[in-house]
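Notes for the one structure printed next.
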Amino acid sequence: MTRRHIFAVVAVAVLLVAGGVGVWRAYSAPADLMQAGPLGDEALGAANAPNVIIEYASMTCPHCARFTNDVFPLLKQRDIDTGKVRYIFREFPLDPLAGGAASLARCAGKDKFFATIELLFRTQQTWAVEHPEGPLLATVKQAGFTEESFKACLADQKILDGIIWVRDHAANDLKVEATPTFFINGEMKVGELSIDEIEALLKPAAPAAPSK
């Protein structure tokens, strides 16, 4: 995948994951699961949280969009913002358009990364289309992009290479094959998860130390 391929798509290729139903795999995560890619990890939540959730997602995956739109707000409110979960989002583009959209989220900057991811998933059906460039530009203008910065981002091979490194490492070393794929405290889960399914897998937070 290179910058020349980002918009060379006739139709968006989307991998459907078992009808969106999550499936456990017998899997022992390697030690380098926590290794960040060349661009660094984008994460939310306390660094010392008792639980770590890593999500591998493709920006054109409808199951990933549904998780972000419907489940993630509850996860953030109930578990990330309360210090129970450290959440890490990692790119796993399934097609050139997903690679381009992921690049735009990175170009938005760390302070706007998750807001841009949420914007793109919320509007996925408007830009994940046969001719995506115009609708995608219109979408990310809401995140502060201009046509100039939009084109400059999609021409930045270093950013795209960093995203592809994350995807290839996940595929080759972590055996990720589909999206969304989650690692919850090192255990792999493939497919969509409800908030109840996630919370059933979390370790309880340590009790607060008694005041003196």
Side-chain angles (χ1 to χ4, degrees), residues 15-29 33-37 39-93 98 101-102 104-106 108-125 139 142-143 166 170 174 176 178-211:
L15 182 60
L16 301 179
V17 184
V21 177
V23 178
W24 276 112
R25 291 187 180 177
Y27 180 81
S28 178
L33 173 63
M34 296 305 298
Q35 180 180 355
L39 304 178
D41 271 335
E42 294 292 348
L44 294 171
N48 63 347
N51 299 278
V52 176
I53 298 175
I54 301 173
E55 179 187 3
Y56 285 91
S58 174
M59 299 308 301
T60 53
C61 162
H63 302 301
C64 301
R66 191 157 54 233
F67 174 81
T68 296
N69 295 336
D70 298 342
V71 179
F72 184 76
L74 291 172
L75 177 66
K76 186 174 186 302
Q77 178 185 14
R78 289 161 53 164
D79 299 303
I80 297 173
D81 292 347
T82 58
K84 298 176 186 176
V85 167
R86 175 77 164 174
Y87 169 82
I88 299 171
F89 181 95
R90 289 181 181 166
E91 303 94 340
F92 196 88
L104 290 165
R106 287 284 184 169
K110 282 190 171 294
D111 59 334
K112 293 184 178 181
F113 176 83
F114 282 101
T116 304
I117 289 291
E118 291 168 13
L119 169 65
L120 288 166
F121 275 135
R122 188 170 64 250
T123 60
Q124 186 187 77
Q125 292 185 345
T139 297
Q142 300 175 52
V166 170
L174 306 179
V176 175
T179 59
T181 290
F182 299 89
F183 289 89
I184 301 178
N185 297 327
E187 294 294 325
M188 178 189 277
K189 180 79 168 177
V190 183
E192 291 180 56
L193 294 172
S194 69
I195 188 63
D196 291 338
E197 288 174 315
I198 292 172
E199 290 185 334
L201 301 169
L202 300 180
K203 296 181 288 188
S211 57

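Taking the side chain as every heavy atom from C-beta outward, Leu33 and Leu174 approach each other to under 4.5 Å. Val176 is not listed as a side-chain neighbour of Val190, based on a closest heavy-atom distance of 4.5 Å or more. Between Phe89 and Tyr56, the closest side-chain pair of non-hydrogen atoms is not below 4.5 Å. Side-chain contact between Pro180 and Cys61 is present, with heavy atoms from C-beta onward closer than 4.5 Å. Side-chain contact between Leu202 and Val85 is present, with at least one heavy-atom pair separated by less than 4.5 Å. Residues Phe72 and Tyr87 have side chains in contact (heavy-atom distance under 4.5 Å, counting atoms from C-beta outward). In this structure, Ile184 and Leu193 have side chains that are in contact, with non-hydrogen atoms separated by less than 4.5 Å.
Closest non-hydrogen pair, Ser58 versus Ala98, comes out as OG-CB, 3.3 Å. Contact detail for Thr139 and Leu119: the closest heavy-atom pair is O-CD2, 3.5 Å. The two atoms that bring Phe182 and Gly191 nearest to each other are CE1-O, 3.3 Å, heavy atoms only. In this structure, Thr116 and Ala105 approach most closely via the heavy-atom pair CG2-CA, 3.8 Å. Across all their heavy atoms, Thr68 and Phe121 have their closest contact at OG1-CD1, 3.3 Å. In terms of heavy atoms, Gln124 sits closest to Met59 at NE2-O, 2.8 Å.
Leu120 CG to Cys64 SG: the interatomic distance, rounded to the nearest 0.5 Å, is 12.5 Å. In this structure, the separation between CZ on Arg106 and CG on Leu104 is 12.5 Å, given to the nearest 0.5 Å. In this structure, the separation between OG1 on Thr179 and CZ on Arg90 is 15.5 Å, given to the nearest 0.5 Å. Atom-to-atom distance recorded for Ile88:CD1 and Met34:CE is 4.0 Å, nearest 0.5 angstrom. One distance of note links CG of Asn69 with OG1 of Thr123; it measures 9.0 Å at 0.5 Å rounding. Atom CG of Asn185 and atom NZ of Lys203 lie 4.5 Å apart (nearest 0.5 Å).
One N or O on the side chain of Thr181 and one on the backbone of Ala178 form a donor-acceptor pair closer than 3.5 Å. Of the possible donor and acceptor atoms, none in the side chain of Asp79 sits under 3.5 Å from a partner among the backbone N and O of Lys84. A donor-acceptor pair under 3.5 Å is formed between the side chain of Glu197 and the backbone N or O of Ser194. Judged by distance alone, the side chain of Arg86 and the main-chain N or O of Ala49 form no donor-acceptor pair under 3.5 Å.
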